[in-house]
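For the numbers below, each heavy atom of this structure counts, side chains included, while hydrogens, waters and symmetry mates do not. Quick note on labels: first sequence line is chain A, next is B, and so on, each numbered from 1.
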2 protein chains.
Amino acid sequence: MRHEYATKPREQIAAILATERRYLSAAEIFERLEKAEAGVSLSTVYRTLERLREKGVATSRLDERGEATYLACEPSHHHHAICRVCGGVEDVPCEAIERFARSLHDERGFMLDGHTIEFFGRCKSCG
Amino acid sequence: MRHEYATKPREQIAAILATERRYLSAAEIFERLEKAEAGVSLSTVYRTLERLREKGVATSRLDERGEATYLACEPSHHHHAICRVCGGVEDVPCEAIERFARSLHDERGFMLDGHTIEFFGRCKSCG
DNA sequence: GCTATATTTGCGAACGGTTCTCAAAATCAT
DNA sequence: ATGATTTTGAGAACCGTTCGCAAATATAGC
Ligand SMILES: [Zn+2]
Ligand SMILES: [Zn+2]
Ligand SMILES: [Zn+2]
Ligand SMILES: [Zn+2]
């Protein structure tokens, strides 16, 4: 029988992710667990993050240095505006891009089936 | 005195990049140099690629695995459509995004100062 | 050409994030 | 509680990238 065990490490990692509206690296999450003396290993952090991503509960992105970072995020198609100051992430609907995408095919014969977009700047509170 | 030396390794690496309209990793470029028995080291490949990027002659992107890849590319602002089959890259002007960007500020107070976009699909010849 | 000086190179070691291995620990059904 | 199954922690292994440094190369001046 194939079962999923509900464990303390998984709860703790999911909880950290759920309370942050920013992308966090495995190392950052591990640090917080250490401060809380949770006794959770870095390996488990990696495994759990990957698991959350597969379940569609989180997204990941690579930061400038190529380090993987994770964010609790709905699976519906949308994009992110990331604040350069506080790191805060805002969801942004797709709309316009879809239309733009269509013209790619009409004008160049490029059959679009996916895209990634990220916006950068300063959020409302960071001016 | 600060000078730039024109060397064979640099010419060879720039030449490989110039003839490929796809993103190439340092390892791929190194392989080609090995086949040509150019006797160029991997370190030099890394250093030269970084140098070309700084000069604005090439762009880089991280592939799915986080590996850095490079493409000879004009510095003017535009985006890329990448073919999932052949890896070919087509330049795509920005246009619509700029307009969309403006609404981000008007509607949410997000002060946009940059964005990254990548399109994926199949190019004209890959159907 | 040759020499002197500054730059670049190759090699190998070091680095950092991620993945893997595997025995011990935790979870769950009975 | 017992046993089958899943998960975990610790550390080694992995892999792309960066570094350190002596040897090689490119340029400027002669
Ligand atoms: Zn989101
Ligand atoms: Zn902010
Ligand atoms: Zn381009
Ligand atoms: Zn193609």
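Checked by atom type and distance alone, the side chain of B:H77 never pairs as donor or acceptor with a backbone atom of B:P75 at under 3.5 Å.
With sequence neighbours excluded, the residues that form a side chain to side chain donor-acceptor pair (under 3.5 Å) with A:E50 are A:R53. For the side chain to side chain donor-acceptor pair (under 3.5 Å) test, residues two or more places apart in sequence or in another chain that qualify with A:S41 are A:T44. Listed by chain and number, the residues in a side chain to side chain donor-acceptor pair (under 3.5 Å) with A:D113 are B:R84 (sequence neighbours excluded). Not counting sequence neighbours, A:Y70 has no partner by the side chain to side chain donor-acceptor pair (under 3.5 Å) test. Among residues two or more places apart in sequence or in another chain, the side chain to side chain contact (heavy atoms under 4.5 Å, CB included) test is passed with B:E67 by B:S25, B:A27, B:D63.
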Close N/O contacts between protein and nucleotides 11-15 of chain D (under 3.5 Å):
unit_1, atom_1, unit_2, atom_2, d
D:dG11, O6, A:S43, OG, 3.0

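Looking at the side chain of B:A26, the nearest of the listed nucleotides D:dG9, C:dT7, D:dT17 is D:dT17. Distances were taken from every side-chain heavy atom of A:V40 (C-beta onward) to each of D:dA28, D:dG9, D:dT7; the shortest belongs to D:dG9.
Proximity of residues 59-73 of chain A to DNA chain C (heavy atom under 4.0 angstrom from any strand atom) is restricted to A:E67, A:A68. Interface residues of residues 7-21 of chain B facing DNA chain C, ordered by number: B:T7, B:P9, B:R10; criterion, heavy-atom separation under 4.0 Å.
With a 4.5 Å cut-off between side-chain heavy atoms of Ile, Leu, Val, Met, Phe, Trp and Tyr, the cluster of B:L62 takes in A:L62. With side-chain heavy atoms closer than 4.5 Å counting as contact, directly or through intermediates, A:M111 stands alone and belongs to no larger hydrophobic cluster. With side-chain heavy atoms closer than 4.5 Å counting as contact, directly or through intermediates, the hydrophobic cluster containing A:V89 also holds A:Y23, A:L71, A:I82, A:F120.
The nearest whole Å value for the distance from the CD1 atom in B:I29 to the P atom in D:dT17 is 11 Å. Rounded to whole Å, atom C1' of C:dT7 lies 11 Å from atom CZ of B:R47.
Listed here is the closest heavy atom pair of B:V45 and B:A26: CG1-O, 3.7 Å.
The list of side-chain hydrogen bond (donor to acceptor under 3.5 Å, both in side chains) pairs with a residue in residues 117-127 of chain B, not counting sequence neighbours, reads B:R61-B:E118.
Side-chain nitrogen and oxygen atoms of B:S41 include none within less than 4.0 Å of the OP1 or OP2 phosphate oxygen of C:dT9. Considering only side-chain N and O atoms, B:Y5 lies nowhere under 4.0 angstrom from the phosphate OP1 or OP2 of D:dT25.
As judged by a 4.0 angstrom heavy-atom cut-off over every strand, B:A27 is placed among residues making no nucleic acid contact.
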